[in-house]
Number of protein chains: 2
Amino acid sequence: MTNRPEPIRRRVPRNTLNRERVLGAAVDLLDHAGPDAFTMRALAQRLGVGTMAVYSHFKAKDEIIDAVRERLLAEVELPTVGSGRTPRDELRELCRAVYRLLADHPSVLHLLTVRPVHGDEGTAVVERILGLLLGAGLDRSAAARAQTALMQYTVGAALWTARGRQRSGDQEDPGTRLRTRFAALPAERYPHLVDLAPELAAAQDGLPQYEHGLDALLSGLLAGH
Amino acid sequence: MTNRPEPIRRRVPRNTLNRERVLGAAVDLLDHAGPDAFTMRALAQRLGVGTMAVYSHFKAKDEIIDAVRERLLAEVELPTVGSGRTPRDELRELCRAVYRLLADHPSVLHLLTVRPVHGDEGTAVVERILGLLLGAGLDRSAAARAQTALMQYTVGAALWTARGRQRSGDQEDPGTRLRTRFAALPAERYPHLVDLAPELAAAQDGLPQYEHGLDALLSGLLAGH
DNA sequence: ACCTGAACACCGTTCAAGT
DNA sequence: ACCTGAACACCGTTCAAGT
């Protein structure tokens with residue numbers, strides 16, 4: 001891709017490795033090859049550098065994990081304030097932005113489950129959501145619980161989708177695989193499951209399913225306000 | 001030798017190792033020591049057996065993971081049919097049973113995120129939930145989406161709680177830690193977050209928080225039926 | 001200060017061998 | 001058939017050494 005021949009994999013000259021470059025390669029590696037392939041050795045190789053060079057910029061692998069998560073969570077693009085006609089519209093937009101980030105980067109999801117959050121990642125989103133909930137008339141306690149419930153559902157839905165996509169080494173998409181699996185169950189024991197196999201398969205469609213649940217959750221949380 | 005001295009760690013006699021014993025030790029190890037300590041070598045040691053003995057009963061570690069997940073998911077105790085006064089009551093009970101299982105065995109949660117579901121685990125719960133949703137008047141598509149949303153929220157909430165408990169090597173409980181962290185944020189940028197720090201910390205209380213969100217979700221899903 | 005290669009203590013799993 | 005110990009190809013990280 002470069003203009004130079006580079007007959008031999010040239011070593012990166014000094015001082016060109018830095019935290020930013022390491023994090024970029026880490027995100028690439030995670031999104032492209034998955035968490036299992038996210039290895040210090042693979043990361044260094046991708047950077048064209050000895051394995052231990054990375055340790056000059058990060059104390060340990062866990063520190064890279066934290067930094068990657070922080071970096072990606074900070075990337076959530078907040079819809080402009082007042083973009084929705086109602087607080088509820090704006091809540092939907094915010095939650096969908098978080099879902100989209102998690103769905104686009106299954107690795108972040110994995111990082112969330114592997115290591116708890118330390119820093120103030122995602123605080124901007126939380127702040128906005130809390131403001132909208134209070135603005136909708138919820139009291140302090142209800143707003144806090146609603147915010148937590150929205151994040152819990154969002155993480156769960158994203159995880160659900162990522163898990164379905166995980167085994168896409170197979171030809172079939174997760175929906176069809178799930179449909180055939182359910183349809184093959186004994187109909188006497190699981191009549192509804194067998195009967196609703198197509199509908200259950202259709203509910204594995206990521207964003208539309210997320211929005212269905214999100215709307216229900218928002219309705220329940222904002223009921224009476 | 002008498003029947004009991006055992007001056008030297010005696011080797012388990014032949015044919016006493018079987019799949020059940022391996023799975024029991026695996027659950028113990030996972031719940032007690034966490035996923036990182038769940039090692040083939042540690043598992044064998046706990047069974048008083050050479051590392052490779054386990055491979056006589058399971059092809060690989062992944063197969064153990066699948067079997068553990070299957071075993072625990074089958075353990076979900078289904079409330080007796082018709083125990084609730086309304087379908088909604090019964091739905092709550094079922095979902096809470098799933099949440100309790102996941103919260104009690106954080107390892108299952110990890111196993112769920114690490115490997116996708118293959119067999120027909122948890123089908124009994126799904127069947128019951130679908131029946132109740134249809135009984136409540138939801139159409140086929142709405143029932144399938146509602147069932148998926150309920151499971152997504154349940155997994156997300158359980159994961160959220162488990163993640164908070166993960167670092168309990170520290171003295172403070174996750175609530176206080178989160179409160180102090182939020183309270184320490186710059187109040188100009190995050191006024192609501194700082195203000196609601198105590199309420200947000202209180203929302204990390206596991207089951208009560210789960211039930212709050214569950215009620216809202218059920219209200220939204222069953223609205224108009 | 002930044003980067004290297006060898007080495008250490010792990011890991012899952014293969015394999016030939018024992019009973 | 002069931003179990004063993006050595007060995008292989010990995011992993012994260014320490015360490016002494018190079019520039």
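Fair warning: this is a prediction, and the values are worked out from it, not measured in the lab. Order of the sequence lines fixes the chain letters, A, B, ..., with proteins taken first and strands second; residue numbering starts at 1 for each chain.
- Distance CD (B/Gln45) to C1' (C/dC10): 14 Å, rounded to an integer number of Å.
- A donor-acceptor distance shorter than 3.5 angstrom exists from the side chain of B/Arg21 to the backbone of B/Thr16, with no hydrogens or angles considered.
- Within the cation-pi definition used here (under 6.0 Å to the ring centroid, within 45° of the axis), B/Lys61 qualifies as a partner of B/Phe38.
- We find that CD1 of A/Ile64 is positioned 9 Å from P of D/dG12, with the value rounded to whole Å.
- The CZ-C1' distance, from A/Arg19 to C/dA1, rounds to 15 Å in whole Å.
- The CG atom of B/Asp36 sits 15 Å away from the P atom of C/dC10 (whole-angstrom rounding).
- Proximity note for A/Arg41 (side chain, C-beta onward) versus D/dG12, D/dT14, D/dG5: the nearest is D/dG12.
- Proximity note for A/Thr39 (side chain, C-beta onward) versus C/dT13, D/dG12, D/dC3: the nearest is D/dG12.
- At least one side-chain heavy atom of B/Arg145 sits under 4.5 Å from a side-chain heavy atom of A/Asp205.
- Closest to the side chain of B/Ala53, from the set C/dG12, D/dC3, D/dG12, is D/dC3.
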Audit row: A/Gln209, A/Trp160, side chain to side chain donor-acceptor pair (under 3.5 Å) steps and yes/no
CA-CA 11 Å; A/Gln209 166 63 26; A/Trp160 194 273; over 6 Å; no

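- Distance, B/Leu43 CG to D/dC3 P: 13 Å, rounded to whole Å.
- We find that NZ of A/Lys61 is positioned 8 Å from P of D/dT13, with the value rounded to whole Å.
- Checking C/dA7, D/dC3, C/dC3 against every side-chain atom of B/Val49, the shortest atom distance belongs to D/dC3.
- Between A/His57 and C/dA1 there is no side-chain N or O to OP1 or OP2 distance below 4.0 Å.
- Comparing A/Ala42 and A/Met52 along DNA chain D, the residue whose closest nucleotide (by nearest heavy atom) sits nearer the 5' end is A/Ala42.
- Checking B/Thr161 against B/Tyr210 by side-chain atom types alone, no donor-acceptor pair falls below 3.5 Å.
- Applying the 4.0 Å criterion to OP1 and OP2 of C/dT14, one finds that B/Tyr55 has every side-chain N and O outside that range.
- Between A/Phe38 atom CZ and D/dC11 atom C1' the separation is 13 Å, expressed in whole Å.
- Atoms CD (A/Glu63) and P (D/dG12) sit 15 Å apart, rounded to a whole Å.
- With distances taken from any side-chain atom of A/Thr51 to the nucleotides C/dC15, D/dC2, D/dT13, the minimum falls on D/dT13.
- Using a 4.0 Å heavy-atom cutoff across all strands shown, B/Met40 reaches sugar-phosphate atoms only and no base atom.
- Contacts of B/Phe58 with the nucleic acid, taken as non-hydrogen atoms under 4.0 Å apart, are absent.
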